Amino acid sequence: MKIIDAHIHFCPEKDSFRVLAEQAGHEYTAEHLRAEFRRLGITCAVVMGNRAPGTDMADYPDFLRYCVGLDRGWEQLEEQRLAELVEQHLRRPDCAGIKLYPGYSHRYVGDRRYAPLYELAAQYDKPVAIHTGATAGGMGLLKYAHPLTVDEAAAQFPQTRFVMCHFGNPWLTDAAAVMEKNENVFADLSGLLEGRVELDALFRENEGYFSLLRTWMGYAGGYEKLMYGTDWPLVNLEQYIAFAARLVPERWHDRVFYENAKRVYSL
Ligand SMILES: [Zn+2]
């Protein structure tokens with residue numbers, strides 16, 4: 001099976017990521033990632049940028065694509081300058097889109113500072129990926145990360161493709177409703193696990209949750225728009241494939257593991 005991982009992080013200067021990689025049974029190096037991708041049939045992955053547009057040198061290994069991230073260090077940029085910097089990235093063939101972190105930036109998806117970027121994304125035919133759902137640590141605020149906030153931006157910018165990262169988990173119903181209503185909204189399945197787990201026990205002990213997850217994933221054509229992604233280095237790559245393969249009905253594997261991401265991120 002050919003796989004695209006539509007959501008990883010690669011930021012070697014972050015020690016915290018190295019620790020997470022080791023806990024998940026990996027090394028946090030490009031060589032290790034390349035070897036693992038080859039072994040597991042992963043042909044490409046999209047890095048969700050954790051720098052700011054002005055500081056991201058986009059020096060990612062050649063087998064990766066990236067979304068230019070508005071994580072930290074962009075707030076003080078003047079509007080025109082921010083748009084210029086983002087556009088410089090969007091012009092690059094290895095830049096696959098834009099990544100926003102509204103829950104951590106304490107802004108709604110419909111914030112006026114984001115609006116010019118939605119127009120740019122449409123102009124370059126590249127999607128805007130948005131962290132939706134639970135936030136890690138005390139600094140994230142859930143009200144900004146709720147999947148329902150994507151609805152208004154999706155309606156206002158019909159030419160822009162939006163990706164709800166983490167399928168809005170645990171607001172699965174809301175994420176499914178937003179995706180069903182808006183043709184231009186997609187979602188990835190990254191970050192639903194953390195570290196290494198025992199899959200049989202996990203499914204047994206969380207039967208109700210996984211039943212809900214399956215219900216809303218498949219709601220109203222959901223598998224046409226869901227993309228496999230891991231959130232590596234948070235999870236073990238091999239285990240996450242087994243996890244997603246168990247959740248997604250087999251007849252949709254090609255679409256979810258490969259075709260949908262190829263289409264949405266133009267890979
Ligand atoms: Zn992530």
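When a ligand or atom number is given, it counts from 1 through the structure's own listing order. For clarity, every value in this text was computed on a predicted model and none was experimentally measured.
At a cut-off of 2.8 Å, His7 is counted among the residues with an N, O or S atom near the Zn ion (ligand 1). Look at His9 and the Zn ion (ligand 1): an N/O/S atom of the residue is under 2.8 Å from the metal.
Formation of a donor-acceptor pair under 3.5 Å by the Trp74 side chain with backbone atoms of Leu70 is found in this model. Judged purely by atom type and a 3.5 angstrom limit, Tyr101 has no side-chain atom pairing as donor or acceptor with the backbone of His106.
When distances from the Zn ion (ligand 1) to the N, O or S atoms of Asp231 are compared, OD1 comes out shortest.
Judged by the 6.0 Å and 45° rule, Arg246 forms a cation-pi pair with Phe203. The cationic group of Lys126 does not satisfy the cation-pi geometry with Tyr124, failing either the under 6.0 Å distance to the six-membered ring centre or the 45° limit from the ring axis.
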